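Beneath this line is the structure, given in structure tokens, with notes to follow.
Just follow the structure's listing: the first ligand is 1, and inside any ligand the first atom is 1. Computed from a predicted model, the values in this text were never measured in an experiment.
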Amino acid sequence: MYRSSQDLGRDLLEWYYEHKRSLPWRQTKDPYKIWLSEIILQQTQVKQGQAYYERFVKAFPDVLALANSDVNLVLKLWEGLGYYSRARNLHKAANQVLIDFEGVFPNNYNDLLKLKGVGPYTAAAISSIAYGEKQVVVDGNVIRYMSRLHAIEAPKNSTRSNILVKKAALDQLGALPPGDFNQAMMEFGALHCKVHNPLCMECFASNQCESYLLNKVQDFPRKKKALIKRERFFNYVIVHFHGKIAIAQRTKKDIWQGLNEFLLLEENAKSSVAELEMSLIQKWNLSEKIKLIQDWEIQTLSHQKIYSRFFIVKINASLLDDFKMYNFVSIKDLRKYAYPKSILRFLEKNKLHLK
Ligand code: SF4
């Protein structure tokens, strides 16, 4: 029999009351302690997080104790969790509560968002659990459960997926207690609708879970497609004249704007050394030999893969007109300019000799 979203929400809550783990932050409605637990759990698993939580609560029983503490003590207690800016933010946020909220922990979603280090997820968790505000949390567990239940095609963490997951969660929440419901969704994702081997055979939602009915549970949530990086091939030619090397600043709207480089010949694919030499000899009617100093090396950027190789060639005065836009600098002054990493690496590895 098909059940409405709110029926599913009720089933989920029943499941939670029966299966939930007994955790110290579940025994309290104190927003300060819930906040501590949420920040700690963003860094570690429940089991390890519990020890940290207890240490923090013992050292700083309330938000004022935390605000009045030495930040170094906070960092010390945080030791081992990593990402130390979270610990500093805890201390800063406690001081915000002291100063901006006169020592009273903010009691609604919008005010909670004003605290340092508190984003939509944490604000929704605290406001729903401590104050019963109608907010839903969207974390990895919730995304997994809702994406599987509704076979959401949008890749996880995309704007569209977040909107759909949030809407699905709100539909199930209905008039249920928001704090318990949020914890139920997270606990269900952690213990039942798990990343690997979810317990579909004994799931209250299996007869209308779309991914299960499609036999594609492990395909959800959809992953973001791996970004295909654009490949570019940079032939740098170190052109020198009378003991000086031609460099120019990159001015176009492209990577490395404002940095300097040698003469650049960009290609769509790797050409052979002989092909490149031939094209330069023809272009400039060169009598001097072009020499390859360093073969292809890769620099990986977020969206591009840059292959660079370096040649050197001496020119005569008749070609200077072609280099009006370049600066001719001595080897000694070369390092006074800023370069992309690939060129810096090249300069570090190679001693240039200009004959
Ligand atoms: S049937 Fe399986 S995939 Fe669907 S909600 Fe239940 S545990 Fe998750």
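- Note: Phe105 and Trp35 meet the aromatic proximity criterion, with ring centroids under 6.0 Å apart.
- Shortest contact from atom 8 (Fe) of ligand 1 to any protein heavy atom: Cys193 SG, 2.5 Å.
- Residues Glu187 and Lys20 are not paired through a salt bridge, judged by the lack of any N-O separation under 4.0 Å between the basic side chain and the carboxylate.
- Per-residue contacts place Arg148 under 4.0 angstrom from the following atoms of ligand 1 (heavy atoms of the residue considered): 3 (S).
- Counting only non-hydrogen atoms, the option in Glu210, His192, Lys194 that gets closest to atom 7 (S) of ligand 1 is His192.
- The side chain of Cys203, and not its backbone, has at least one atom closer than 4.0 Å to an atom of ligand 1 (non-hydrogen atoms only; side chain from C-beta on).
- Taking 2.8 Å as the threshold, Cys209 does not count as a candidate ligand of atom 8 (Fe) of ligand 1, since none of its N, O or S atoms lies below it.
- The Ser206 neighbourhood of ligand 1 comprises atoms 1 (S), with distances under 4.0 Å to a heavy atom of that residue.
- Classification of Glu348 and Arg345 as a salt-bridged pair fails, no side-chain N sitting under 4.0 Å from a carboxylate O.
- Side-chain atoms of Tyr236 and Glu266 form no donor-acceptor pair, as typed in the model, at a separation below 3.5 Å.
- Shortest non-hydrogen contact noted between Ala248 and Met325 is CB-O, 4.1 Å.
- Residue Val217 touches ligand 1 through its side chain alone, judged by heavy-atom distances below 4.0 Å.
- For atom 2 (Fe) of ligand 1, the closest non-hydrogen atom on the protein side is Cys200 SG, 2.3 Å.
- Looking at Arg250, Lys252, Gln257 one by one, the single match for side-chain hydrogen bond (donor to acceptor under 3.5 Å, both in side chains) with Asp254 turns out to be Arg250.
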